[in-house]
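Notes to accompany the following structure.
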There are 4 protein chains.
Amino acid sequence: MVSKQELRSEETKRSILAAAGELFGSRGYDAVTMRDIAKQAGCSHTTIYIYFKDKEALLHQLSMPPVQYLIEKMDGLLGQELSPDDKLKAMSLATIEFCLTNRSMYGLVFNTKAGRVDEQSPKLEINQARNKLFGKLESAVKGCLGNELPDERLLLYTRIYFFALYGVIATYTSSEESVEQLMGRLIPTFQETFEVLLIGIRSKAEGPWARTED
Amino acid sequence: MVSKQELRSEETKRSILAAAGELFGSRGYDAVTMRDIAKQAGCSHTTIYIYFKDKEALLHQLSMPPVQYLIEKMDGLLGQELSPDDKLKAMSLATIEFCLTNRSMYGLVFNTKAGRVDEQSPKLEINQARNKLFGKLESAVKGCLGNELPDERLLLYTRIYFFALYGVIATYTSSEESVEQLMGRLIPTFQETFEVLLIGIRSKAEGPWARTED
Amino acid sequence: MVSKQELRSEETKRSILAAAGELFGSRGYDAVTMRDIAKQAGCSHTTIYIYFKDKEALLHQLSMPPVQYLIEKMDGLLGQELSPDDKLKAMSLATIEFCLTNRSMYGLVFNTKAGRVDEQSPKLEINQARNKLFGKLESAVKGCLGNELPDERLLLYTRIYFFALYGVIATYTSSEESVEQLMGRLIPTFQETFEVLLIGIRSKAEGPWARTED
Amino acid sequence: MVSKQELRSEETKRSILAAAGELFGSRGYDAVTMRDIAKQAGCSHTTIYIYFKDKEALLHQLSMPPVQYLIEKMDGLLGQELSPDDKLKAMSLATIEFCLTNRSMYGLVFNTKAGRVDEQSPKLEINQARNKLFGKLESAVKGCLGNELPDERLLLYTRIYFFALYGVIATYTSSEESVEQLMGRLIPTFQETFEVLLIGIRSKAEGPWARTED
DNA sequence: AATGAATGAGAGTTCATTCAT
DNA sequence: TATGAATGAACTCTCATTCAT
């Protein structure tokens with residue numbers, strides 16, 4: 001049985017994480033102060049230091065779990081019985097939904113600059129996670145285009161697909177609407193976007209392959 | 001007639017703007033201090049306040065002209081004797097190059113939230129500029145797809161095109177490489193991206209038009 | 001009869017005092033945190049406040065007993081059957097060892113300013129203790145020089161002896177070595193110091209006595 | 001010609017140094033805050049950072065020049081036409097006077113712990129200075145005892161002499177009296193102290209030399 | 001008796017900005 | 001016009017201390 005104290009403690013920690021997530025997301029890591037977070041979390045700024053070593057630890061602890069979750073969701077979709085196109089679409093929608101839900105974090109995950117240059121480890125973890133995510137997308141694109149496509153072309157087309165996906169996310173990240181509103185309103189647009197990309201990529205992939213650098 | 005003093009004054013102002021632009025672009029607005037700017041501009045930090053109300057005024061004054069420039073460049077390209085596809089491609093490349101050159105500004109232009117909530121007017125100016133830009137892109141897309149396309153579809157396809165364009169920009173904005181390096185390395189990728197989009201969009205545009213909300 | 005609870009309570013208090021003493025001694029009062037003490041004492045930092053009003057109370061309660069102990073030790077030595085010189089030497093060594101063992105305390109005892117200005121009473125206690133100690137030293141010096149020496153000269157020579165003793169202590173107080181290391185290494189040096197002083201003082205004390213103010 | 005501004009600037013810097021010196025001396029480096037210094041210096045605490053990189057820089061800049069001055073004074077005395085005993089006495093008095101004048105600094109110079117463990121350079125400089133000072137004293141002692149004395153014995157006797165000197169300083173450092181008052185009152189005591197030491201040491205130095213470790 | 005949770009005060013430091021020349 | 005001097009606000013983070021259990 002958990003004591004009342006432990007419950008309160010967990011609650012406080014959660015509220016700090018929630019506050020930090022929201023603020024980092026909306027204003028950016030640097031622009032958010034510990035006191036801002038504390039205020040939003042409804043506690044003193046010193047309380048934060050009971051639960052997190054420093055501001056950066058907050059950021060780190062905040063960014064990893066959702067990314068892990070998305071990676072797992074991707075794996076789940078990859079393993080499902082769906083047509084390749086539907087798989088890729090589902091993964092794309094999942095990514096969009098994730099990023100709009102965790103608006104705070106997506107920048108951390110996708111923007112290289114998030115970490116300081118001097119500290120390697122936290123950046124590396126995030127970088128690894130991002131690369132994994134990209135790898136999943138690549139698998140899905142491969143499923144749509146077939147195995148004969150050389151790696152180099154696969155990479156190129158995945159990247160192009162990723163551009164559009166990222167563009168969608170970046171466009172709506174700063175919107176004031178809720179995820180539900182956005183998804184409700186825009187799913188057809190997103191579907192259309194995926195289809196446009198698949199048609200274009202397939203048409204290209206079938207033609208002769210000229211060399212293109214990355 | 002302008003006096004020697006006025007000339008020198010103009011020169012100082014210009015050097016401050018140049019310094020601020022470069023530094024904002026390379027390190028980001030927040031990470032740059034007034035003293036950094038002053039050092040780079042070769043004047044005292046107090047001098048900056050003679051020409052600019054505050055740091056934000058610097059940013060603002062810095063962001064408008066390049067956007068104007070880009071708009072004019074777009075107009076120029078729209079007016080040139082080129083195939084519709086080449087026009088759209090040229091405009092896309094110009095946009096990418098512009099955004100990577102003015103990295104710190106592009107957020108101001110493309111992210112709705114960038115400005116403080118309290119100040120309306122500067123945001124409006126920027127919003128107008130952004131809408132103008134989107135309008136130019138729409139014209140170019142229209143050129144590629146023909147005039148029979150209903151507005152609603154045109155908007156959808158322009159938006160999809162814009163997603164990819166924005167994705168490209170957002171992807172490389174946080175890179176540490178210089179514009180020159182990036183453009184040198186990635187132009188083929190960008191070209192391929194535009195082609196994929198055009199193929200996909202055209203294929204869609206020719207088919208029957210289902211309704212899609214925005 | 002004492003209950004088991006009371007025993008445990010005493011034990012906790014003792015372990016807190018022991019921890020504080022060790023840490024104050026090795027790192028200095030200011031550099032030690034309540035949490036450091038609690039950790040070393042094996043209890044929560046809040047527990048300390050059950051037994052001691054605050055950090056300063058800890059220091060105070062910690063400083064008196066050793067001083068008392070030293071005074072008693074001095075008395076013991078004064079009462080022993082030893083040559084006057086050996087008595088003085090033994091007392092000197094005891095003082096040195098005491099001060100190096102209780103490094104953080106010695107300042108409290110020997111530096112007038114150590115206590116806050118506002119609190120009179122604890123300072124007085126310490127002052128009394130210090131004066132007592134000086135008195136013991138004076139007795140021992142008197143034993144070496146004979147009873148005919150006027151008080152004024154006795155005071156002067158005791159003071160001179162004290163200078164050297166204090167100098168030894170001040171020199172090695174800030175060393176990082178342990179008491180054992182220091183004493184093991186330096187006892188011959190200390191002995192030689194005492195002998196030099198006694199020779200010098202005796203030679204002076206036998207000569208004609210000029211007046212010297214304090 | 002120096003401008004009025006430059007004068008004011010110099011004045012401010014000086015007042016900061018004076019304030020810091022006084023406070024470091026009376027309360028100890030750690031117990032003094034930048035705001036304390038600023039208050040005493042009559043300026044804002046941020047002003048300090050215009051003139052000194054950080055708190056430690058203040059300490060460093062504060063400690064070196066007086067020490068240099070003392071070293072030079074010692075050299076001057078060593079070069080003068082005086083009997084060896086008078087030389088040593090003069091140097092001793094000079095040291096005492098210096099330390100009582102710069103009460104703030106003497107701890108920095110004589111207490112090894114002053115600097116943090118991690119930073120080598122500032123500590124080294126001070127250590128070098130201290131060693132130089134000790135070397136001067138050694139020369140003077142050598143002058144009194146003659147050249148035949150083995151180095152090891154010379155070191156021992158210098159150390160003993162130093163103990164007493166340091167003891168004098170440490171004793172009166174925490175006094176509230178001014179240097180002038182103290183010197184006026186105590187010079188005879190100091191003289192007597194030096195004489196006692198010289199007699200004792202000489203007597204020892206002429207006898208057979210037993211080995212003594214450091 | 002004992003403790004985990006929480007906090008206010010305050011540390012060093014930075015920065016945009018104003019003042020006086 | 002231009003600048004060095006100076007500052008208040010605010011930042012991250014620490015610590016002795018109190019509160020609720």
Side-chain angles (χ1 to χ4, degrees), chain A residues 3-13 30-38 42-56 58, chain B residues 3-6 8-9 11-13 30-38 43-56 58, chain C residues 3-6 8-13 30-38 42-56 58, chain D residues 3-13 30-38 42-56 58:
Chain A
S3 74
K4 225 181 259 175
Q5 273 211 5
E6 270 169 330
L7 275 176
R8 207 151 88 90
S9 174
E10 273 303 307
E11 162 92 23
T12 303
K13 187 171 182 181
D30 281 329
V32 174
T33 77
M34 293 304 260
R35 276 169 166 90
D36 289 340
I37 297 170
C43 67
S44 160
H45 63 281
T46 54
T47 302
I48 302 178
Y49 290 93
I50 297 173
Y51 298 100
F52 304 94
K53 194 186 154 291
D54 54 18
K55 200 183 172 188
E56 198 128 14
L58 244 183
Chain B
S3 73
K4 229 184 250 174
Q5 270 209 3
E6 273 168 329
R8 229 166 66 92
S9 176
E11 162 88 22
T12 304
K13 186 171 181 179
D30 282 328
V32 174
T33 75
M34 293 302 261
R35 278 174 160 88
D36 289 339
I37 298 169
C43 69
S44 161
H45 57 281
T46 52
T47 303
I48 302 177
Y49 290 90
I50 298 168
Y51 298 100
F52 305 92
K53 190 186 156 289
D54 55 19
K55 201 182 172 192
E56 232 175 1
L58 246 181
Chain C
S3 72
K4 227 182 252 175
Q5 271 209 1
E6 273 167 331
R8 227 163 72 90
S9 177
E10 272 306 302
E11 162 88 21
T12 304
K13 187 173 182 179
D30 281 330
V32 174
T33 75
M34 293 301 260
R35 278 174 159 88
D36 289 339
I37 298 169
C43 68
S44 160
H45 58 280
T46 53
T47 303
I48 302 178
Y49 290 91
I50 298 169
Y51 297 101
F52 305 93
K53 190 186 156 289
D54 56 19
K55 200 183 171 189
E56 230 173 3
L58 246 182
Chain D
S3 74
K4 226 181 259 176
Q5 271 211 4
E6 271 168 330
L7 275 176
R8 206 152 89 91
S9 174
E10 273 304 305
E11 162 92 22
T12 302
K13 186 173 183 178
D30 281 330
V32 174
T33 76
M34 295 302 262
R35 280 166 169 91
D36 289 339
I37 298 170
C43 67
S44 160
H45 62 280
T46 55
T47 303
I48 302 177
Y49 289 92
I50 298 172
Y51 298 99
F52 305 93
K53 193 187 154 290
D54 54 19
K55 202 183 171 189
E56 197 127 13
L58 243 183

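Source: prediction; values computed, not measured. Below, read A as the first sequence line, B as the second, and so on, with proteins coming before strands; counting in each chain starts at 1.
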**OP:** Can you tell me the distance, in whole Å, between the CG atom of A/L7 and the C1' atom of E/dA5?
**Re:** 13 Å
Subject >> Residue closer to the 5' end of DNA chain E, C/I48 versus D/Q5 (nearest nucleotide) >> reply: C/I48
**OP:** Give the C-alpha distance, both sets of side-chain angles, the deciding distance and a yes or no for side-chain contact (heavy atoms from CB on, under 4.5 Å) between C/T12 and C/I50.
**Re:** CA-CA 10 Å; C/T12 304; C/I50 298 169; over 6 Å; no
Original post:
If only side-chain N and O atoms of D/S9 are considered, is one of them under 4.0 Å from the OP1 or OP2 phosphate oxygen of F/dA5?
Top reply: yes
**OP:** Give a yes/no answer on whether the side chain of D/T12 brings an N or O atom under 4.0 Å of OP1 or OP2 in F/dA6.
**Re:** yes
Distances for protein N or O near nucleotides 13-17 of chain F N or O, under 3.5 Å:
residue: F/dC13; atom: OP2; partner: A/Y49; partner atom: OH; Å: 3.0
residue: F/dC13; atom: OP2; partner: A/K55; partner atom: N; Å: 3.1
residue: F/dC13; atom: N4; partner: A/R35; partner atom: NH1; Å: 3.4
residue: F/dC13; atom: N4; partner: A/H45; partner atom: NE2; Å: 2.9
residue: F/dA16; atom: OP1; partner: C/V32; partner atom: O; Å: 3.3
residue: F/dA16; atom: OP1; partner: C/K55; partner atom: NZ; Å: 3.1
residue: F/dA16; atom: OP2; partner: C/M34; partner atom: N; Å: 2.9
residue: F/dT17; atom: OP2; partner: C/Y49; partner atom: OH; Å: 3.2
residue: F/dT17; atom: OP2; partner: C/K55; partner atom: N; Å: 3.0
residue: F/dT17; atom: O4; partner: C/H45; partner atom: NE2; Å: 3.3

Subject >> Below 4.0 Å: OP1/OP2 of E/dA2 and any side-chain N or O of C/S44 >> reply: no
**OP:** Enter the distance from D/R8:CZ to D/Q5:CD here, rounded to the nearest 0.5 Å.
**Re:** 7.5 Å
Original post:
What's the shortest heavy-atom distance between C/D54 and C/M34, and which atoms?
Top reply: C-CE, 4.4 Å
Original post:
Roughly how many Å is it from CD in D/E10 to C1' in F/dA6, rounded to a whole number?
Top reply: 16 Å
**OP:** Figure out the CD1/C1' separation between C/I50 and F/dT18, and round it to whole Å.
**Re:** 12 Å
Original post:
Where do C/A38 and C/S44 come nearest, in terms of heavy atoms and distance?
Top reply: CB-C, 3.6 Å
**OP:** Indicate whether OP1 or OP2 belonging to E/dA2 is found under 4.0 Å from a side-chain N or O atom of C/Y51.
**Re:** yes
Original post:
Which residues satisfy the side-chain contact (heavy atoms from CB on, under 4.5 Å) test with C/S9, sequence neighbours excluded?
Top reply: C/Y51
Subject >> Partner set under side-chain contact (heavy atoms from CB on, under 4.5 Å) for C/R35, not counting sequence neighbours >> reply: C/T33, C/H45
Original post:
Do A/E10 and A/L7 have side chains that get closer than 4.5 Å, going by heavy atoms?
Top reply: no
Original post:
C/K55 and C/V32: which non-hydrogen atoms are nearest, and at how many Å?
Top reply: NZ-O, 2.7 Å
Original post:
Bend angle of the helix from E/dA2-F/dT21 to E/dT21-F/dA2 from five-pair axes at both ends, rounded to 10°?
Top reply: 30°
**OP:** Could you tell me which residues satisfy salt bridge (charged side-chain N to carboxylate O under 4.0 Å, His left out) with B/D36, sequence neighbours excluded, listed by chain and number?
**Re:** B/R27
Subject >> Residue met sooner reading DNA chain E from 5', once D/R8 and D/D36 are mapped to nucleotides >> reply: D/D36
Original post:
In whole Å, what is the span from the CG atom of D/L58 to the C1' atom of E/dT13?
Top reply: 13 Å
